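Just so we're clear, the structure is a prediction, and the values are computed from it rather than from any experiment.
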Amino acid sequence: MVSRIAELGSSDIALYHGDYDEYLVRAGPPRAPRSPGAQPAKRVAEIERFIERFRYQATKARQVQSRIKMCDDRVEVEPRPRDPLRLPQPPRTGRRVASLRAIHKAYGDNVVYTGVDFEVERGMRVAFVARTAPASRRC
């Protein structure tokens with residue numbers, strides 16, 4: 001479950017408020033970057049197969065000539081190199097990053113922890129380690 005989605009572009013970040021379904025509606029279908037004169041490679045391959053197949057048939061001469069002209073008009077465009085996304089350095093956090101008091105966690109009657117006080121300061125590394133239940137108590 002999300003309440004915001006950030007979409008990373010080649011040089012910017014677009015922020016959408018709402019869940020994923022709302023994001024799909026607002027952002028619209030995925031946009032593939034395409035050069036104005038370039039045709040998709042699949043379409044070009046289809047045209048070239050058509051030309052080779054019907055090149056010497058008199059009944060298809062007009063269609064073949066039309067497709068040859070389409071291929072001649074096609075302009076190959078080199079893709080522009082993508083600039084790396086540069087994010088500004090975030091401001092430094094305060095000394096205390098997180099402070100939790102008297103927290104607990106349980107799954108039904110299975111209590112994982114209770115009454116835990118927890119504080120994380122900048123630069124600390126944190127790991128949660130617990131004993132495993134005896135084999136007879138495992139599900």
Enumerate donor-acceptor pairs with a distance under 3.5 Å from any side-chain N or O in residues 96-108 to protein atoms, sequence neighbours excluded.
| residue | atom | partner | partner atom | Å |
| --- | --- | --- | --- | --- |
| Ser99 | OG | Arg101 | NH2 | 3.4 |
| Arg101 | NH2 | Glu119 | OE1 | 2.9 |

(message) Can you tell me how far apart CZ (Phe50) and NZ (Lys60) are? Round to the nearest 0.5 Å.
(response) 5.0 Å
(message) Which heavy atom of Val64 sits nearest to which heavy atom of Phe54, and what is that distance?
(response) CG2-O, 3.4 Å
(request) Check whether any side-chain heavy atom of Glu7 lies under 4.5 Å from a side-chain heavy atom of Tyr16, and answer yes or no. (result) yes
(message) As an exercise, state the distance from CZ of Arg55 to CD of Gln65, rounded to the nearest 0.5 Å.
(response) 8.5 Å
(request) Only counting residues at least two apart or in another chain, list the ones meeting side chain to side chain donor-acceptor pair (under 3.5 Å) with Gln57. (result) none
(request) Supply the atom-to-atom distance Glu52 CD to Ile47 CD1, rounded to the nearest 0.5 angstrom. (result) 13.0 Å
(request) Decide, yes or no, whether a salt bridge links Glu46 with Arg43 under the criterion of side-chain N to carboxylate O below 4.0 Å. (result) yes
(message) More than 12 heavy atoms of other residues, nucleotides or ligands under 6.0 Å from CZ of Arg122: yes or no?
(response) yes
(message) Quick check: do Ile5 and Glu22 have side-chain heavy atoms less than 4.5 Å from each other?
(response) no
(request) Look at the side-chain heavy atoms of Ile, Leu, Val, Met, Phe, Trp and Tyr, link any pair under 4.5 Å apart, and say whether Val112 and Phe118 land in one connected group. (result) yes
(message) A side-chain contact here means heavy atoms from C-beta on lying under 4.5 Å apart; do Val2 and Tyr23 qualify?
(response) no
(request) Specify the closest pair of heavy atoms between Val120 and Val126, including all atoms of both residues, with the distance to one decimal. (result) CG2-CG2, 3.9 Å
